[in-house]
Structure formats: structure tokens, C-alpha cells
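The analysis underlying the following values was restricted to heavy atoms, covering all of them including side chains, and did not include hydrogens, waters or symmetry mates. Numbering of residues begins at 1 and proceeds along the displayed sequence.
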Amino acid sequence: MGESNRKRKGWKAAVTLALAAAVAGGLFFFYYHIYRVEPVFSEMVYEYGESPSRDIADYLSGTDWSVHLGELDLSGVDEGHTGTYEAVVYHGRTQYIYELTIQDTVPPEIVWRQDQIYLPAGKTCGVEAVIAGVEDVDPGAKAYFRQADGLTEEICYDVTGQYELEIVARDSAGNETQGQVTVIVDTPPVFAGIHNFYCVPGSEPDYLEAVTASDDLDGDLTKDIAVDDSAVNLEEAGEYTLRYLAEDSYGLETVENATVLVAQGEEIQELIGQRLIDYRTDTILGAPNIYDAGVSEREDMEATLEYMRPALVQLYHAVGRGGYSAGSGYIMEITEDTIYICSNSHVVGKYEDWDVYFYDGTVVKGKAVGISDSYDVGVASVALEDVPEELLEKLMTVHIDRTYWEGLDRQKLGLALERIDREGGLIHVTEGELIKIKQHFAWNDMNDHTEVTVELVHGDSGSAILDGYGNLICMAYAYSTEPTRYWCVPLDGILDCYQEITGRMPFVY
């Protein structure tokens, strides 16, 4: 029994050793012939723009089954920039490190324009104006002008003529391409008369009114002006941009913008009243009084009188041999067919017909409209059609702010008048101060009048008395003696009498 057991145990051990040897041999065969992989390379160079391979078989060699057990990690590779990076392949518990170099050795290509190139004189131009573009895998590749002092992205020529330009295209790696191009520098079209538009909803402005375009070579291009109003909605309040384009025969373009503000008439009038817009430089449609002179932001008597001069007139009537009657006046309203002028009734009421002299010396036939029995106020008029167009484009009405006037309770407010002559000059300027806006005066039916220290002399009758901001405060009337005091028709009296005489009321703030 013992010998048999020993034999059986020996046999089992032999079998076990044989099996172990067989397994070890199998594992060896499996690892070295089936599972084992090796890196295909350790270093690889790619040209910029060429993406590194994502195929694991390009990184590992071995059986197809084992190779595809590997996992490729390219997260450390920045394909957007040149440089040397690490890629990793994970296979089981083993990591394989690869060095990937991305280099850029290909210079950019300049795409040249095939047509003759014209540049506008006096305007700064970029390289895109002379070439069609730059082609390169590097999005950072740019083109430059080569000048004596180096590379520049812009160029400007003030003198017309033909020029040779050297162009350099350079990428981020420093690769360069160079070339030359011939350009002709010429003057681009020039616009005149472009202005802003301020109109109420539903208006139909003429965007080409007074707008012209010209070119040194092509001459008048006005009929070829293109207007882009696609961004403008004339039915809805808002501020919009209007574009004008003119192009000459060389393809040189000039583009200019204008503003179109669509708003209610009262809002537009406020802009006029603040002197932010002006009918002489802007197109204004739908405001109650586009001719209003407005007021300045600060008190400046000298500047105000000069600015307000287009609102002043002189009434003149020749009498007999060398005699005459004259008085001052100011423009209250300009309507579609009439210019209404305020003065004293003791001026206007003398004659039916008057020669009306405007601030520049232009004389137009006028007539008396009527006079008031309450205050010394009279109104004359001039037919609008009799006023030369170049003068009408400069005239204005006095600014009337009754709310401001009614709030005046301080003395020493600076006041002044200007009296124009018949040759387009000034007879005199007189300055003074406000004493009281409404003061008892024994003449003229005991009406309250405005008392001032502005010295009134013969011929000043009917003059507008203005403050340093440009507000109409009162109208020169008379003076009393012992002591000498100067009296004016107050603003409320002027307005009431004007309405009584004309049946109209001017725009009042």
C-alpha cells in the first residue's frame, strides 16, 4: 500500500509539473506572440495644418487585437500652434510616450488682384485694398506694406500718381513671401450737402435734396449717388443711420452717413429751442417752428446779439424830398407764404406800405397788417415769395419762452438791443438791465410795462429787447422824464396784441 501511494503521488507531481510547464509556456506564447505590443516610433514631425494621426495602429505594433486595446491620449498636443508636445498611449499598465513636433516651414501665399488698383488720395488704406488676400494654414498669417522704416499695416498718399508697393506676407513661424504691386493714387468722389434729418412719423423726406457728388476725373456724379435707407423706418420713432455712396470710374468709393431722427413735433422743437439742430444745416419736417432761433446754454450778450441778427429788420418809408420815417422790428413768424414782423403801432400804423430791410441789407416791399389799441404793438408782413432764396435760408424768428419770462423776478438781468441799418450793418448796440418785468406806467391806458435801464433813443422804437441767452423779454416803446425811465411792451402784451392783429399765435415754449 505504501509503495502504491508513493507511485501515485509521484505520478500526480509529474502531471502537475507538466501542466505548470504547459501553462507557463502558453502564457509566454500569449504574451510574446498575441498580447505584447511595441511603439512604432518615439518622435514624429508634422507640418503645421497636418493633424496628428488618431489611428492607434500608427503608434503600436503587435497583433491587431492587442494593438486596439491601447488608448491614445492627444490632450497634450496643441494643433493650433507650432511646438513639441507629448502624446501618450495607455496599454494595460504600460504607458508609451511619444514626442510630436508641429512645425511650419511653408510660407504664406499672396493672392494678387488681377485688375488695376486705385487708391484714394489723402485716405488711409489697409493691405486688403491692394491684394485679394493671403492663403496659409496659419490663421495668424498677415500681409504688410514694406516701407523704409519697416513693416506697416496701413499706407496713405497725399499726392496723386503711380506708386510701386512692396507687400510682405508673414505667418506666425516667421515664414515670408514678398511681392510688388503697382497702384495709382487718385482723388475719390467728394460729397457736398449731406445733412441730418429730423422728422415726424409718416414724413417723406427727400434724402437727395441739396446733396451733390463730384470727382476730379469724372466730374459731376450727383445722378449716380446711391442712398441706402434700408435701416430707416419713417413710421416709427427712433434714430436711424442713412448711408450715401458715390463711386468713380476707377472704382474709388466714398461713403458718408447721415442721421435720421423720427420723433414727435414737440420733441424736435425742443432740439431747435436748445440750438442742437438748425434748419440751415439740417432738414426738419413737422416741427411747429423750424425757424426759431433757440437759446444758448450760457449767458453771453455779445455772442447772442450777433447770433440773433437774422431775426431783426428795419422798417423804412420815404417821405417827400429826402424825408423818411423808420423804426425797428423783429421776425415773429415765418409761415408757408408770409413773414410776420412785430414793431410798435406808432411805427407800423403810419403807412400802409413799407420797405423792409433785413440784416444783410436786402430790401423787400412789405405792408402793414394792423395795430393794437391796447399796447403799442403793430404787425407788418412780407410775402415769402418776394424774399431771395439765399436770404430765406438764413432768417430766423425770435425765441419766445413764456414760462421762462413769467418766472423772471430778479433785477440786474442783462438786456440789450441791436438796431440794424439799411446797408447790412449796425446803427448801434445798447445794453442795460431789467428793473421789473411788469411795472405801473401812467401812459398807454395805464397798462403795466416792463422797465429797463437799456437807454432808448429815437429810432429804437419796435426793437426786440433780448437777454444774454437769446430770449425775447420785451419790445422797446418809450421813455419818461423827471426822472428818466425806459419802458418796454412786456412779452405777454406782445403776444396778446399779435394774436389780436393777425388771428395767429406764434410757437411759444
Regarding T259 and N257, do their side chains bring together a donor and an acceptor under 3.5 Å, going by distance alone?
no
Salt bridge or not for R402 and E406, using N-O below 4.0 Å?
yes
If the plane angle is over 60° it's perpendicular, under 30° parallel, otherwise tilted; pick one for Y118 and Y250.
parallel
With a cut-off of 6.0 Å (strictly less than), are more than 12 heavy atoms of other residues, nucleotides or ligands near CD of Q264?
no
Measure from the side-chain N and O atoms of T177 to the backbone N and O of P108, and report whether any donor-acceptor pair falls under 3.5 Å.
yes
Decide if atom CD of E385 counts as having more than 12 heavy atoms of other residues, nucleotides or ligands within a radius under 6.0 Å.
no
Before giving the answer on side chain to side chain donor-acceptor pair (under 3.5 Å), spell out for N289 and T397 the whole-Å C-alpha distance, their side-chain angles and the decisive distance to 0.1 Å.
CA-CA 9 Å; N289 180 16; T397 65; 2.9 Å; yes
Under 3.5 Å, is there a donor-acceptor pair between the side chain of Y509 and the main chain of Q269?
yes
Does C199 offer a backbone N or O that forms a donor-acceptor pair with the side chain of S203 under 3.5 Å?
no
Strictly distance-based, threshold 3.5 Å: is any side-chain N or O of N344 a donor or acceptor partner for the main-chain N or O of G462?
yes
So, taking the atom named CG in D215 and the one named CG in D248, what distance separates them when rounded to the nearest 0.5 Å?
4.5 Å
Without hydrogens or angle criteria, can the side chains of H399 and D292 be said to hold a donor-acceptor pair below 3.5 Å?
yes
Between E79 and R54, is there a side-chain N and carboxylate O pair less than 4.0 Å apart?
yes
Smallest heavy-atom separation, V134 atom then A143 atom, equals CG2-CB, 3.7 Å
I need the Y240 OH to D229 CG distance, nearest 0.5 Å.
12.0 Å
Are any of the side-chain heavy atoms of I494 and M332 separated by less than 4.5 Å?
yes
I'd like to check T283 versus Y198 (side-chain heavy atoms, cut-off strictly below 4.5 Å). Are they in contact?
no
Would you say CD of Q114 has more than 12 non-hydrogen atoms from neighbouring residues, nucleotides or ligands within 6.0 angstrom?
no
Before accepting this row, confirm whether a basic side-chain N of the pair K142/E153 lies closer than 4.0 Å to the acidic partner's carboxylate O.
yes
Working for salt bridge (charged side-chain N to carboxylate O under 4.0 Å, His left out), residues E418 and R309:
CA-CA 8 Å; E418 271 193 352; R309 209 164 291 156; 2.8 Å; yes
Can you measure from CZ (F197) to CG (L242) and round to the nearest 0.5 angstrom?
6.5 Å
Result block: side-chain N/O donor-acceptor pairs under 3.5 angstrom for residues 311-318, not counting sequence neighbours:
unit_1: Q314; atom_1: NE2; unit_2: I420; atom_2: O; d: 2.8
unit_1: H317; atom_1: ND1; unit_2: D353; atom_2: O; d: 2.8

Is the shortest side-chain N to carboxylate O distance from E393 to R280 below 4.0 Å?
no
Are D360 and K394 ion-paired here, with the side-chain N under 4.0 Å from a carboxylate O?
no
Are more than 12 heavy atoms, taken from residues, nucleotides or ligands other than R422, located less than 6.0 Å from that residue's CZ atom?
yes
Please tell me whether T182 and E164 have a donor and an acceptor in their side chains that are separated by less than 3.5 angstrom.
yes
Check this for me: does any side-chain nitrogen of one of E352 and K367 sit under 4.0 Å from a carboxylate oxygen of the other?
no
Got more than 12 heavy atoms from elsewhere within 6.0 Å of CD, E306?
no
So with a 6.0 Å cut-off around CD of E86, is the heavy-atom count from everything else above 12?
no
Would you say L434 and T450 make side-chain contact, with heavy atoms under 4.5 Å?
yes
Taking all non-hydrogen atoms of both residues, which atom of V347 and which atom of S461 are closest, and how far apart?
CG2-CB, 3.9 Å
For the CD1 atom of I400 and the CH2 atom of W405, what is their distance to the nearest 0.5 Å?
12.0 Å
So, do Y404 and Y469 sit near enough that their side-chain heavy atoms are less than 4.5 Å apart?
yes
What distance do I194 atom CD1 and T281 atom OG1 have between them, rounded to the nearest 0.5 Å?
14.0 Å
Quick check on side-chain contact (heavy atoms from CB on, under 4.5 Å): which of L417, I473, I465 does C488 satisfy it with?
I465
Under 3.5 Å side-chain donor-acceptor pair for T82 and D104
no
K223 NZ to T212 OG1 distance, which is reported to the nearest 0.5 Å
14.0 Å
Does any N or O in the side chain of T101 come within less than 3.5 Å of the main-chain N or O of T84, such that one atom is a donor and the other an acceptor?
no
How about E204: does its CD atom have over 12 heavy atoms from other parts shown lying under 6.0 Å from it?
no
Evaluate salt bridge (charged side-chain N to carboxylate O under 4.0 Å, His left out) for K365 paired with D355, printing each intermediate quantity in order.
CA-CA 5 Å; K365 292 296 182 182; D355 289 332; 2.7 Å; yes
More than 12 heavy atoms from other groups under 6.0 Å of CD on E423:
yes
Applying side chain to side chain donor-acceptor pair (under 3.5 Å), run through T430 and E455 and close with a yes or a no.
CA-CA 7 Å; T430 305; E455 183 177 353; over 6 Å; no
What's the verdict on side chain to side chain donor-acceptor pair (under 3.5 Å) for Y498 and E333, showing C-alpha distance, side-chain angles and the deciding distance?
CA-CA 10 Å; Y498 181 83; E333 272 194 290; 2.7 Å; yes
